[in-house]
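Per chain, numbering begins at 1; letters A, B, ... match sequence-line order.
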Protein chains: 2
Amino acid sequence: MPSAREPKTDPKKRKRLSSAERREEFIAKAIEFFAQEGFESSTRELARRLGVTQPLLYRYFPSKEDLIAEVYKVVYVNRWRDEWDAMIADRSQPIRERMTAFYHSYTDVVFRADWMRIFLFSGLKGVDINQRYLRRVRERILDPIVRECRFEAGFPDLTPSAAEIEYAWVLHGGIYYYGVRRLIYESAELDNKSFVIESSLDAFLMEIAKLRGPG
Amino acid sequence: MPSAREPKTDPKKRKRLSSAERREEFIAKAIEFFAQEGFESSTRELARRLGVTQPLLYRYFPSKEDLIAEVYKVVYVNRWRDEWDAMIADRSQPIRERMTAFYHSYTDVVFRADWMRIFLFSGLKGVDINQRYLRRVRERILDPIVRECRFEAGFPDLTPSAAEIEYAWVLHGGIYYYGVRRLIYESAELDNKSFVIESSLDAFLMEIAKLRGPG
DNA sequence: ATATCTATTTATCACTCGATAAAGACCGGC
DNA sequence: GCCGGTCTTTATCGAGTGATAAATAGATAT
């Protein structure tokens, strides 16, 4: 079927590509499926939605567990954008602008039903991938943000304090929870991501400035 | 067994109580069990942990679904504290004090692994109980809080705006997400609930004051 | 002590699950 | 045309699922 659709190329490559594409098709559908139904749902139902029989899945993945591992990998690893580092570190812009731009980009990625539901499902299953992900958020987002705030405030020591990191987590959590309310519980008051980002940022920057002011 | 432990009472009452107690024992263990393992886990494993056989569960609950409904009821309905209304409404105290006290009490209830995990599990299963719960939070917590803030600021009209409610959600979400990080992902930096509550409140009150200031 | 009623267990059904093996279908090269 | 290899399906296994009916144990009342 795919060879009929596609223009002719090197036979070997075409075949391999077709196989790889089918595999990717399976993974893509698995993401959608498991995000909707949870990881305890059956491979038979997934196969049904793919329009293939269930044993075919085992031609591409040794076990259901391996398929799920692929799902994690694509959602968590492949959707992470390396340019976020640069966005936060770009000192030609004030930190507020950088954070605004970053959180718009970040929420474009994570404010998606499949991302959020898979994150929640895997977190409840106790998969270590969640803790690894949060560590990554801490190290590559929150930590740099606090350091840039310190830099902009003229501090010689950029090392974040535990309190500053906790402020950053409250900021991050407030924004994230807005996504949860919208995409999981469908109960957000405002359909306005920008408003939430801007006001959360306001609050964070005020808090973190106050931390320095009186002390 | 229970009759041996207990002092003698009216036989009929004792018997009924014993039966009711066993039922409650089942529900209590079911909360713990489903919170840990998810609602897709088997009734056989639950029975094993209770030290009884699996068909006995069906003497007390017509189906697994009914047992789960009982779990929801106990966790969501029975743990809600009616005194929260009065805590928020008590105008003999400044709103900041009231909110601090309320959020300490509220997090005492919801910052528990069983509560959080069952909330997340049921939310992912699309059970309407989550949306009902969030509506209740909105109506009996956030709405009153914003109204009290308006009252304290001397506003004649206490009706909350959508923006104010969204601020309140960000506050609530930031605090809640701290609980999630601690109890679900076990990755909170500070083991200090008070700090998170106080600083989140600071941020919220500053934001909501700013909303009135320039406008 | 025995009959009665309830709590509990044993045995089992029909179904679904993940996974495997074997048979069939399809496509390229010759 | 046929042949060899890959993709896909059919058939099936063993284990586990929610649920039910019948058998048993254990207490209560007389």
In this structure, how many angstroms lie between the [atom2] atom of [N] and the [atom1] atom of [X], rounded?
X	N	atom1	atom2	answer
A:Tyr58	D:dC13	OH	C1'	14 Å
B:Ile68	D:dT17	CD1	P	14 Å
B:Leu50	C:dA7	CG	P	16 Å
B:Arg23	C:dT6	CZ	P	18 Å
B:Phe39	D:dT17	CZ	P	17 Å
A:Leu46	C:dG18	CG	C1'	13 Å

Is the shortest distance from a Lys or Arg side-chain nitrogen in A:Arg23 or A:Glu70 to a carboxylate oxygen in the other one below 4.0 Å?
yes

Would you say the ring centroid of A:Tyr103 lies under 6.0 angstrom from that of A:Tyr176?
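Centroid separation for A:Tyr103 and A:Tyr176: 6.0 Å or greater.
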
CA sep, side-chain torsions, deciding dist, call: A:Val180, B:Tyr177, side-chain contact (heavy atoms from CB on, under 4.5 Å)
CA-CA 10 Å; A:Val180 171; B:Tyr177 194 63; over 6 Å; no

Can you say whether the rings of A:Tyr106 and A:Trp80 are parallel (under 30°), tilted (30 to 60°) or perpendicular (over 60°)?
perpendicular

Sugar-phosphate or base contact per nucleotide [nucleotides 8-17 of chain C; S, B, -; heavy atom under 4.0 Å]:
BBBBB----B

Sequence neighbours excluded, every pair satisfying side-chain hydrogen bond (donor to acceptor under 3.5 Å, both in side chains) that has a member inside residues 109-120 of chain B
B:Arg79-B:Asp114

Side-chain donor-acceptor pair present, B:Ser161, B:Glu164, cut-off under 3.5 Å:
yes

